[in-house]
Amino acid sequence: MYMLENLRIMHPVVKDLIAEKETVWLNADLMPTDVALSSCLLSEEDVLDAEQRLERFVPFFIKAFPETAATRGIIESEVREIAAMHQALLDYSGKQISGKLLMKFDSHLPISGSIKARGGIYEVLKHAETLAFQAGMLSHEDNYENFASEEFRKFFSNYSVAVGSTGNLGLSIGIISAKLGFHVTVHMSSDAKAWKKNLLREKGVEVIEYASDYSLAVERGREQAENDPTCHFVDDENSTDLFLGYAVAGLRLKRQFTEQGIEVNSENPLIVYLPCGVGGGPGGVAFGLKLAFGDAVHCYFAEPTHSPCMTLGLATNLHDKVSVVDIGLDNVTEADGLAVGRASGFVGKVMKPFMSGCLTVSDERLFELMHLFYESEGIFLEPSAFAGMLGPVVVPSTDESGIHLIWATGGGMVPADMQQEYLTKAKQVYASRSHT
Ligand SMILES: *Cc1c(COP(=O)(O)O)cnc(C)c1O
């Protein structure tokens, strides 16, 4: 067992974490991408395989989710400059931000309105494909539109899917599993929002609520699946399929940049700020980005000061062996999806040599940034989506040029009245703070 006092002495950042102070941690173990890749248990082939699987499902998406027709059956989001927010951040912080400020709008991904529409949906599709192959119902040449047929739905109704979630992962897994015909159970932690539970129930998903945090919800999901061989458990803490589904984003971003004539290289680096909960989403995306851009991309995880599990795990190398509760934090935050006390051990270990660092921000800061963003860009995002927004201001930079990319992770499906509540609060928080 480690001692708190030892952690504090060995790892200076832990002192800031304990004090709930906003902080930046830079990773001294960052390696050149090719070196890190050579000893990594996942490779580019794995990500390409995931991308090709998603391609095979295109006819299914167009049929089952007509909203994906606009992106030709691909679940993808827009990336673009946010110049008005760039100016607003400058005024707010009094600091110059070199280069350009861009946003990746995973907040508005089709089907489930968050970054979970990548990994979550991918894992269920892969599972469904495997079952169909095993049953002799499918060959590689078949049109995957079949997955939307009554025959397939009837087949999948013999199987179930379970997941533990703070909200958004449950939304993704629930929606896609129910559409395919699976019996699906979502174990929801106490911080999950009521509208997410209601939406899932409307779609025929079984939602079980817990009066405790995310870890217990995950544990219950795991137990359910252990006792039932026809049940697939989506393991947010350990799944490589989830991770690979997220990683496809990196390869696609490179293509989007090419289409827009945006070049990334050592003179014009890409610096990406990724809101982090258990780590699978941002870790997977960062892995894909490293494959796509190599040493020209610098990736940072961003977390709330009350739930900095990844910063704690990476900085101490204890990964999933330490929880934010162990250092006296309450793991309570308004940032849905980021209220995670213990990081994935798998992601922290795999991603350590690829990550440039981490930053933490207070909940008040998330609301201030929400206000600034709405005032400048006129777009609503949920609090989690702002975790990385201060990155370009606080992360030390040596470059005059460069592209700062804020990965916006959720908010697209938040009901209008809830949006209004958030924005009212954001305005109040903004007005009450001194902005220094
Ligand atoms: C889940 C989630 C994240 C972080 O993803 P992890 O895989 O838990 O690290 C970030 N933002 C939002 C809105 C999320 O739902």
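Atoms within each ligand, like the ligands themselves, are counted from 1 in listed order. Computed from heavy atoms alone, side chains included, the values below leave out hydrogens, waters and symmetry copies. Everything quoted here is computed from the prediction, not taken from an experiment.
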Using a strict cut-off of 4.0 Å, indicate which atoms of ligand 1 neighbour a heavy atom of [X].
X	answer
Asn168	13 (C), 14 (C), 15 (O)
Gly281	6 (P), 7 (O)
Leu338	3 (C), 4 (C), 10 (C), 11 (N)

Polar contacts were defined as any N/O atom of the residue lying under 3.5 Å from an N/O atom of the ligand; does this apply to [X] and ligand 1?
X	result
Gly279	yes
Pro282	no
Gly280	yes

Angle class for the Phe60/Phe57 ring planes (parallel below 30°, perpendicular above 60°, tilted otherwise)?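 Answer is perpendicular, since the angle exceeds 60°.
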For the pair Phe105 and His108, name the ring-plane relationship: parallel under 30°, tilted 30 to 60°, perpendicular over 60°.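 Because their plane-to-plane angle is over 60°, the rings of Phe105 and His108 count as perpendicular.
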Side chain to side chain contact (heavy atoms under 4.5 Å, CB included) between Glu421 and Lys425, intermediate numbers included: CA-CA 6 Å; Glu421 267 177 49; Lys425 176 165 179 183; over 6 Å; no
Answer yes if the ring centres of Phe182 and His127 are under 6.0 angstrom apart, and no otherwise.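 That pair passes the under 6.0 Å test.
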Ring pair (Phe, Tyr, Trp, His ring centres under 6.0 Å) partner of Phe287, the single match among Phe346, Phe293, Tyr246, Phe243: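 Running ring pair (Phe, Tyr, Trp, His ring centres under 6.0 Å) over Phe346, Phe293, Tyr246, Phe243 with Phe287 returns exactly one hit, Phe243.
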Once you restrict to heavy atoms under 4.0 Å, what part of Lys116 touches ligand 1? Side chain, backbone, both or neither. side chain
